[in-house]
Structures are given as structure tokens and as C-alpha cells.
A.B. asks: 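Quick one: this structure, given as C-alpha cells, is what I'll be asking you about.
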Amino acid sequence: MSEVLVLRTASAGLRPDPARFHRRIERIRRFLADHADRFVIERDLDELLAAGRSDGLVYIERARDGALVAASGAFPKNGDDLHGPVYLELGATLVRPDYRGFGLHPVLQQVRLLRLYLLYRHALVVFTCVKTDNERSAGSLLKNGFVETDDPAILAMKPSTEGRRFFRFPLAGLPQVARGFLGRRGVHVHRSIRYPDRYDRVDDRQLEVLLEPEIRQRRHLLIAIEEIARGEL
């Protein structure tokens, strides 16, 4: 069985309509609350609105009925400071339990990193943090190019560092991210094949993840990602 999903940005095409924009952010907030996970640090509405305004909020929904299945954000942390790097914290990444194991998390991560770099270029500092007992997420971050950090400037972005490990993404790793993004065929085999030791019940769905029309029709974005993949940062 094949199922089509669409990856969208919360702010795409909505700035002329503030009411619609706020409804979409509230919808994402409810999704995160309804599927709360002890490993996912809670975000309030103001944080989600700020992420949406900076084009840092992405989500995946089912094409057939619009139901949300995943969401992820990049949160601006140094406000209106225009004299230094733009610090953005990746967070609020949540995949609905019945859609975990299909490889949606890497898609969200690749799209966020590439979009943010195209917006801010070398003025960008991307970091994230996980709870100290969340070994799976920490391992996934290291596997995907993040490095653990104790940079005081990054740690100062959070009101408390207790019980958390911090990671940053070196921009030199972006060509690999771009190549991974461009190499995706968009179809993800069912999770019982991907992770037979974790999902013993056969789930024969194959998920096809489409980019939203606003992204797909912007050929200049794909050209820019191809340049990144070639190392032309």
C-alpha cells in the first residue's frame, strides 16, 4: 500500500493572511501537545510563532485528508541582534507513533538545515539539545554530522543547561546534507523491513513524501541546493 505525504512550511505563502498563519501555528501546537513525548522539549505558542515567522517551522501531512503526522522547528534565539551570527535552535521534532520508523525524521532535518542556510548563509549557527538520558537522539545527531559542544555562547541561549547535552551542526557538513536530500527518491519502505528488530508486526505502507508546491516550483532553490552539494557554499 502506498501513501502520499506532503512536507510543508508553516509560513509559506501565508504572511499576507495573519489569521490563517496563526491558525496553522495553533494546529501544530495542538499536534505537539496531543502527541507529547518525554524526550521532546515543550514549546509554547510564542516560540512556535517566532519559528514560523523565520521560515523555520516545517511539518508533514497526509495528502488524502491533511492529517498531521510530523512537525519540526528551528527557533531564533538571539532576537533582533543584527551584529553577530543568527543562532537557531532545532527542536520540537515529533513524528506520530504510527509513522515512526519510515525515515521521516531525516527528511525534516535535511529540509530545515538547507532552508536555514539559504536564508542566513555563513551568519548561521545551528544547535540543538537533548535530554541526557536520550541516548538514541544523541546517537542520531552524531551520526548525521552534529558535534557535541560546550560553547558558552550556545549554552547561554537556554535558561538552563541542567540535564541536557548540546550539539551544533558545522556548516562544512552541508554538502553531504544536500547530496542526501537530492538523492532521495521520496519513497520509504515499510518500517518492518527497515527495522526488523524493532517492528515485528508487518506494516506494508510505503510513504512517498512530496515537497509542497511552493518549494517544488521554485527552481532557484533546487539550483542552490545543487550548488551546495558540489561544495560551492
Side-chain angles (χ1 to χ4, degrees), residues 1-76 88-116 128 130 134 136-137 140 144 181 184 186-191 194-195 198-199 201 203-217:
M1 180 177 67
S2 181
E3 185 173 347
V4 178
L5 306 178
V6 183
L7 187 146
R8 301 185 184 278
T9 53
S11 58
L14 298 179
R15 286 177 176 166
D17 188 344
R20 187 182 175 202
F21 172 72
H22 278 73
R23 286 196 301 272
R24 186 162 293 192
I25 300 299
E26 174 60 24
R27 181 176 174 232
I28 293 171
R29 188 200 65 77
R30 289 198 307 270
F31 169 78
L32 294 173
D34 291 344
H35 300 282
D37 187 301
R38 72 183 185 91
F39 287 128
V40 179
I41 298 170
E42 186 178 353
R43 306 287 172 166
D44 60 30
L45 183 58
D46 287 340
E47 286 183 289
L48 293 172
L49 286 168
R53 294 189 187 103
S54 62
D55 289 340
L57 199 59
V58 296
Y59 62 97
I60 297 174
E61 64 182 16
R62 289 195 304 230
R64 71 173 187 268
D65 60 6
L68 291 183
V69 303
S72 192
F75 301 89
L88 288 163
E89 179 193 3
L90 303 187
T93 301
L94 187 65
V95 179
R96 220 171 74 176
D98 52 332
Y99 283 83
R100 293 174 186 169
F102 289 95
L104 298 183
H105 189 284
V107 176
L108 291 167
Q109 183 166 287
Q110 288 173 343
V111 169
R112 281 182 304 167
L113 287 171
L114 292 169
R115 284 179 64 87
L116 294 172
T128 188
V130 300
N134 189 356
R136 179 177 292 179
S137 290
S140 177
N144 287 284
F181 173 81
R184 287 193 177 277
V187 176
H188 304 265
V189 298
H190 57 80
R191 58 185 179 176
R194 287 173 56 89
Y195 303 104
R198 195 184 308 169
Y199 300 102
R201 184 177 66 83
D203 185 335
D204 63 357
R205 283 177 296 167
Q206 293 190 36
L207 306 183
E208 181 181 6
V209 183
L210 304 177
L211 292 178
E212 61 184 327
E214 293 91 338
I215 295 177
R216 195 169 61 248
Q217 293 171 2

A.B. asks: My understanding is that only residues two or more places apart in sequence, or in another chain, count here; which of them pass side-chain contact (heavy atoms from CB on, under 4.5 Å) with Ala19?
C.D. replies: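 side-chain contact (heavy atoms from CB on, under 4.5 Å) list for Ala19, sorted by chain: Asp17, Arg23.
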A.B. asks: Below 4.5 Å, heavy atoms only, C-beta onward: do Leu7 and Leu104 meet side chain to side chain?
C.D. replies: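 No; the side chains remain at least 4.5 Å from each other.
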A.B. asks: Quick one, His105 and Arg100 - any side-chain contact, counting heavy atoms below 4.5 Å?
C.D. replies: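 In short, these two side chains do not touch, never coming nearer than 4.5 Å.
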A.B. asks: Out of Ile60, Val209, Leu113, Leu94, which residue meets the side-chain contact (heavy atoms from CB on, under 4.5 Å) rule with Leu108?
C.D. replies: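 The option that passes is Ile60.
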A.B. asks: Would you mind reporting whether Leu48 and Leu32 have side-chain heavy atoms less than 4.5 Å apart?
C.D. replies: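 Contact flag for Leu32/Leu48 side chains = yes.
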A.B. asks: Just to verify, what does Gln110 make a side chain to side chain donor-acceptor pair (under 3.5 Å) with, not counting sequence neighbours?
C.D. replies: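 For Gln110 the side chain to side chain donor-acceptor pair (under 3.5 Å) partners, ignoring immediate neighbours, are Arg184.
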A.B. asks: The criterion is salt bridge (charged side-chain N to carboxylate O under 4.0 Å, His left out); which residues satisfy it with Asp65, sequence neighbours excluded?
C.D. replies: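 For Asp65 the salt bridge (charged side-chain N to carboxylate O under 4.0 Å, His left out) partners, ignoring immediate neighbours, are Arg62.
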A.B. asks: Distance only, no hydrogens: is a donor on one side chain within 3.5 Å (strictly under) of an acceptor on the other, for Arg27 and Tyr59?
C.D. replies: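 The criterion, which ignores hydrogens and geometry beyond distance, is not satisfied for Tyr59 and Arg27.
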A.B. asks: Less than 4.5 Å apart, side chain to side chain, heavy atoms only: is that true for Arg24 and Leu57?
C.D. replies: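 A side-chain contact is absent here, since even the closest heavy-atom pair is not under 4.5 Å.
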A.B. asks: List in chain and number order the residues that pass side-chain contact (heavy atoms from CB on, under 4.5 Å) with Glu47, two or more places apart in sequence or in another chain; answer none if no residue qualifies.
C.D. replies: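 Residues passing side-chain contact (heavy atoms from CB on, under 4.5 Å) with Glu47: Arg43, Asp44, Phe75, Lys77.
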A.B. asks: Quick one: are His22 and Leu49 in side-chain contact, heavy atoms under 4.5 Å?
C.D. replies: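 The answer is yes; the side chains approach within 4.5 Å.
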A.B. asks: In chain order, what residues pass the ring pair (Phe, Tyr, Trp, His ring centres under 6.0 Å) check against Phe31, with sequence neighbours excluded?
C.D. replies: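 With neighbours one apart ignored, the set is His35.
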A.B. asks: Once side chain to side chain donor-acceptor pair (under 3.5 Å) is applied, do any residues pair with Thr128, and if so which ones, sequence neighbours excluded?
C.D. replies: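 Counting only residues at least two positions away or on another chain, Thr128 forms no side chain to side chain donor-acceptor pair (under 3.5 Å).
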A.B. asks: What pair of heavy atoms forms the shortest contact from Ala10 to Ile28, and how long is it?
C.D. replies: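 That would be CB-CD1, 3.9 Å.
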A.B. asks: Please identify each residue that fulfils side-chain contact (heavy atoms from CB on, under 4.5 Å) with Glu26, with sequence neighbours left out.
C.D. replies: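 Glu26 satisfies side-chain contact (heavy atoms from CB on, under 4.5 Å) with Arg29, Arg30, Leu45 once adjacent residues are dropped.
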A.B. asks: Could you state the interatomic distance from CZ (Arg64) to CG (Leu5), rounded to the nearest 0.5 Å?
C.D. replies: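 One gets 9.0 Å once the value is rounded to the nearest 0.5 Å.
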A.B. asks: Please report the shortest heavy-atom distance between Ser54 and Ala74, naming the atom on each side.
C.D. replies: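 Of all heavy-atom pairs spanning Ser54 and Ala74, the closest is OG-O, 4.0 Å.
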A.B. asks: So Arg115 and Thr9, do their side chains get closer than 4.5 Å, heavy atoms only?
C.D. replies: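 A side-chain contact under 4.5 Å exists here.
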A.B. asks: Among all residues two or more places apart in sequence or in another chain, which pass the side-chain contact (heavy atoms from CB on, under 4.5 Å) test with Ala50?
C.D. replies: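 Per chain and number, Ala50 pairs via side-chain contact (heavy atoms from CB on, under 4.5 Å) with Pro76.
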A.B. asks: What's the shortest heavy-atom distance between Asp37 and Phe39, and which atoms?
C.D. replies: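 Distance-wise, the nearest heavy atoms are OD1-N, 2.7 Å.
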A.B. asks: For the residue pair Gly91 and Arg112, what are the closest heavy atoms and their distance?
C.D. replies: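 Looking at all heavy atoms of both residues, the shortest contact is N-NH1, 3.6 Å.
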A.B. asks: Which atom names give the shortest non-hydrogen contact between Ser137 and Val130, and what distance separates them?
C.D. replies: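 Heavy atoms only, the tightest pair is CB-CG1, 4.0 Å.
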A.B. asks: Looking at every non-hydrogen atom in both residues, tell me the closest pair between Val6 and Ala63 and how far apart they are.
C.D. replies: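 Closest heavy-atom pair between Val6 and Ala63: CG2-CB, 4.1 Å.
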